[in-house]
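Just so it is clear, the structure is predicted and the values come from calculations on it, not from any experiment. Residue numbers start at 1 and run along the sequence shown.
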Amino acid sequence: MTEVIAVKQLLSRSQYTKILAAAAGSKVGQLSQPLQEKYQVSVVRPAQKTLTMMQFREPVKASLFYLGEVLCSECIVEVAGFKGAAVMIGDDFAKVTAAAIIDAAYNGKLPECEALDKAIRELEKEQLAARGKLNAGLRRSKVDFNTMGEQ
């Protein structure tokens, strides 16, 4: 009988990008630091500002339309022969470069990915806790118009 070993699945590109985009630039830089120390990082396209059309889904008809342009930063790097790219709203060049390095590590499935994945999941937990705390504070100030006139 063959033994099946459960391999923990890594986060998808959309998952880790969403988490990194919501994180502070310093946190993303800390996550990419071990990769920068161990591997040669070559910049294919340096971080630069760009404008991107922002798509929005209209809630009533669920149709897509363009809200307008938004300032973004983009960067492409190569780590250990694997390319990584990142595009993020804002002009934080260090953050977008660090995110591209992390993307390259995931693309190459480098050995550090498992530890990196664990750290990104912890970062997500911190973000969810902070968002929950903010939402709890906002809920206290919510006005219920149905019960305002009742006594």
Side-chain angles (χ1 to χ4, degrees), residues 6-39 41 43 45-77 79 82-151:
V7 177
K8 183 179 176 184
Q9 188 170 355
L10 297 177
L11 292 167
S12 69
R13 174 180 256 169
S14 63
Q15 289 173 317
Y16 67 77
T17 300
K18 181 179 176 182
I19 297 164
L20 294 176
S26 59
K27 288 269 191 183
V28 179
Q30 288 173 359
L31 290 172
S32 72
Q33 192 63 37
L35 296 167
Q36 292 179 44
E37 291 171 358
K38 184 172 181 179
Y39 299 102
V41 176
V43 178
R45 181 183 299 158
Q48 59 189 9
K49 293 180 187 178
T50 186
L51 291 173
T52 304
M53 289 299 289
M54 181 89 155
Q55 247 187 356
F56 185 76
R57 185 170 299 280
E58 191 268 325
V60 177
K61 293 184 180 179
S63 60
L64 289 173
F65 70 94
Y66 290 101
L67 196 57
E69 291 182 321
V70 64
L71 177 71
C72 294
S73 299
E74 63 181 349
C75 181
I76 300 174
V77 299
V79 177
F82 300 100
K83 287 188 180 177
V87 178
M88 294 187 175
I89 293 176
D91 61 352
D92 189 346
F93 290 168
K95 179 179 176 179
V96 78
T97 303
I101 292 168
I102 292 169
D103 184 55
Y106 271 91
N107 289 339
K109 294 183 177 37
L110 298 179
E112 291 79 11
C113 279
E114 196 168 317
L116 189 60
D117 199 72
K118 185 178 179 182
I120 292 174
R121 287 177 194 270
E122 287 299 317
L123 186 58
E124 180 184 31
K125 287 179 186 175
E126 291 172 17
Q127 291 173 355
L128 290 173
R131 193 173 303 128
K133 187 176 179 181
L134 176 65
N135 287 343
L138 294 173
R139 267 189 246 111
R140 285 192 302 237
S141 66
K142 182 179 176 184
V143 177
D144 187 1
F145 290 100
N146 294 327
T147 60
M148 277 182 61
E150 298 174 10
Q151 291 187 12

Compare every heavy atom of Val96 with every heavy atom of Met88, then report the nearest pair and how far apart it is. N-CG2, 4.2 Å
Side chain proximity check, Val41 to Thr97, heavy atoms < 4.5 angstrom: no
Please check if the side chain of Thr17 supplies one atom and the backbone of Ser14 the other of a donor-acceptor pair under 3.5 Å. no
So how far is it from Leu20 CG to Leu11 CG, rounded to the nearest 0.5 Å? 9.0 Å
What one should report as the nearest heavy-atom pair of Ala100 and Ala86 is N-CB, 3.6 Å
Applying salt bridge (Lys or Arg N to Asp or Glu O under 4.0 Å) as the test, list every pair that has at least one member in residues 122-131; sequence neighbours left out. Lys27-Glu126, Glu122-Lys125
Please report the closest heavy-atom contact between Asp117 and Gln9, naming both atoms and the distance. OD2-O, 4.3 Å
Side-chain donor-acceptor contacts of residues 56-77 below 3.5 Å, not counting sequence neighbours, with atom names and distances?
unit_1 : atom_1 : unit_2 : atom_2 : d
Arg57  : NH1    : Ala62  : O      : 2.7
Glu58  : OE1    : Lys61  : N      : 2.6
Glu58  : OE2    : Val60  : N      : 3.1
Ser73  : OG     : Gly90  : O      : 2.7
Glu74  : OE2    : Gln48  : NE2    : 3.1

Considering all heavy atoms of both residues, which atom of Ser12 and which atom of Gln15 are nearest to each other, and what is their separation? N-OE1, 2.7 Å
For a 4.5 angstrom cut-off between non-hydrogen side-chain atoms, does Phe82 reach Leu110? yes
Could you tell me whether the side chain of Val28 reaches within less than 4.5 Å of the side chain of Asp92, counting heavy atoms only? no
Side chain Lys95, main chain Ala23, donor-acceptor under 3.5 Å: yes
Can you measure from OH (Tyr106) to CD1 (Ile120) and round to the nearest 0.5 angstrom? 3.5 Å
Would you name the heavy atoms of Leu116 and Leu31 that are closest together and state the gap between them? CD1-O, 3.6 Å
Measure the CG-OG distance between Asp103 and Ser32 for me, rounded to the nearest 0.5 Å. 12.5 Å
Value for CG (Leu128) from CG (Leu123), rounded to nearest 0.5 Å, stands at 10.0 Å
